[in-house]
Structure formats: C-alpha cells, structure tokens
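Values below: every heavy atom of this structure, side chains too, minus hydrogens, waters and symmetry copies. Predicted, not measured: the structure shown is a model, and the values here were computed from it.
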Amino acid sequence: RLDHEHLHGEDPEHYILEERNFDWAFHQVHWDNLLANIEDSLKSRSQIMLMFAGGEPLISKEHEKFLRQCVEREPAGRIKIRYQSNITNLPLTVVRLWESFYEIDLGASIDALGAANDYIRYPSHWKRVEENLNVLAGLDHVLVWLQPCVSIYNVFDIPQLLCWSSELRQIYRGQSR
C-alpha cells in the first residue's frame, strides 16, 4: 500500500517506503480496493485506463479473478487495459474475459527471435510466444505492439527483430483496430 501514511520525507522525490510489501498482488484486499476505486471513478468519467506491468500479470490468478469481477459488476465495458508482457503465458480464460473490456493494448516484451529470445527471456519458449501471437492476431479488440529492451545480448539482433515485426504487422493488417 503506497500512501502518505507509509511515506516520509520533505521532498516527494525523496520518499522512503517504511513498509516493504512486495507481494501486494497476492492480497485480495488490494484487488477489492482497486475495483471499488474504478467504480467510484466511473461515476464521473465515461471510461478509464488501467496499466499492468511487471511481474507478468497474465499468470496471476488474482488478476484473472479481478477481470472476472469487472465483468460481473459491469464496469468492464468502460475500461481500457494496457499490459506489458512477454506473452509466454496467455490463458484462454483471460482472453475470453478481455472480450468484455473496451480495449486491450499489449506491449509484447520480445527482445529477440528464437533461441536468443529463450536465452534473454528465460524460461520463455519461442514456439509458445509465436503461438500466443497467432491467438492475439485473431482478436479484433486487442492491439499488440513490440516493446523490446535493447541490451548487449540482442543489440546485433535488433535489425532482424524489426524485419520480423514488419512481417508480423502483415498478419494484423486489415483487422479493425
């Protein structure tokens, strides 16, 4: 819980966190509070955007349960969700839930192709990443973009990655976005 009760310092840029609760995503109270805040925000807004990055949200059962609650309690159609994911996991239950949301944007953290991807993004398996991209290509309400992290491990592979990305764009071309 990051709030001013737990932060101290005269300058906001120099806050010190007293409570180091890095497993917040596994506590249902966090998700309940988030949903309550969303419902409250939607009283004065036509739609909102949520962003899930880090910790690979697509493998979190708590995240999936949160999406289901959004669908059941009906704010889902007014929510745009942005993810950052290595897309090594793409649960079909989550994909089905996404159909109820206004829009899904997914930044694919792909740094290289094939074995280089598997090395950099261990325990990723390139074949699985490609399979998941093919699933995503068939979803009209999901926008996918490439979001590589350039490093010493892939700097010479970036041209190949960009060419592949350009070819992949042909798969998505013609779909309503």
May I ask whether Val94 and Val142 are part of the same hydrophobic cluster, defined by side-chain heavy atoms of I, L, V, M, F, W, Y residues being less than 4.5 angstrom apart, directly or through others?
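Same cluster.
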Go through the side-chain N and O atoms of [X] and [Y] and say whether any donor and acceptor fall under 3.5 Å apart.
{"X": "Asn117", "Y": "Ser124", "result": "yes"}
{"X": "Trp164", "Y": "Gln160", "result": "no"}
{"X": "Gln84", "Y": "Ser109", "result": "no"}

Tell me the closest heavy-atom pair linking [X] and [Y], and the distance in Å.
{"X": "Asn132", "Y": "Asn89", "result": "ND2-N, 3.9 Å"}
{"X": "Arg128", "Y": "Thr88", "result": "CG-O, 3.4 Å"}
{"X": "Ile79", "Y": "Pro75", "result": "CG1-O, 3.3 Å"}

Do Val71 and Phe101 have side-chain heavy atoms sitting under 4.5 Å apart?
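Sidechains of Phe101 and Val71: in contact.
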Nearest 0.5 angstrom please: Leu106 CG to Leu136 CG, how far?
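These two atoms lie 6.0 Å from each other.
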Assess whether a salt bridge exists between Lys43 and Glu39, defined as any Lys/Arg side-chain N lying under 4.0 Å from an Asp/Glu carboxylate O.
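Judged by the 4.0 Å cut-off on N to carboxylate O distance, Lys43 and Glu39 do not form a salt bridge.
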Going through the checks in order, is the ring pair (Phe, Tyr, Trp, His ring centres under 6.0 Å) test met by Phe52 and His63?
CA-CA 9 Å; Phe52 295 99; His63 174 72; 4.5 Å; yes
Is a donor on one side and an acceptor on the other found under 3.5 Å between the side chain of [X] and the backbone of [Y]?
{"X": "Asn154", "Y": "Ser151", "value": "yes"}
{"X": "Ser41", "Y": "Asn37", "value": "yes"}
{"X": "Arg96", "Y": "Pro91", "value": "no"}
{"X": "Arg82", "Y": "Met51", "value": "no"}

side-chain contact (heavy atoms from CB on, under 4.5 Å) between Asp111 and Arg121, worked out:
CA-CA 8 Å; Asp111 304 331; Arg121 292 281 178 175; 2.8 Å; yes
Should Ile48 and Lys80 be marked as a side-chain contact (heavy atoms from CB on, under 4.5 Å) after you check the CA-CA gap, both sets of side-chain angles, and the distance that decides it?
CA-CA 6 Å; Ile48 61 169; Lys80 175 180 178 176; over 6 Å; no
Tyr83 ring center near Trp98 ring center (under 6.0 Å)
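Under 6.0 Å, so yes.
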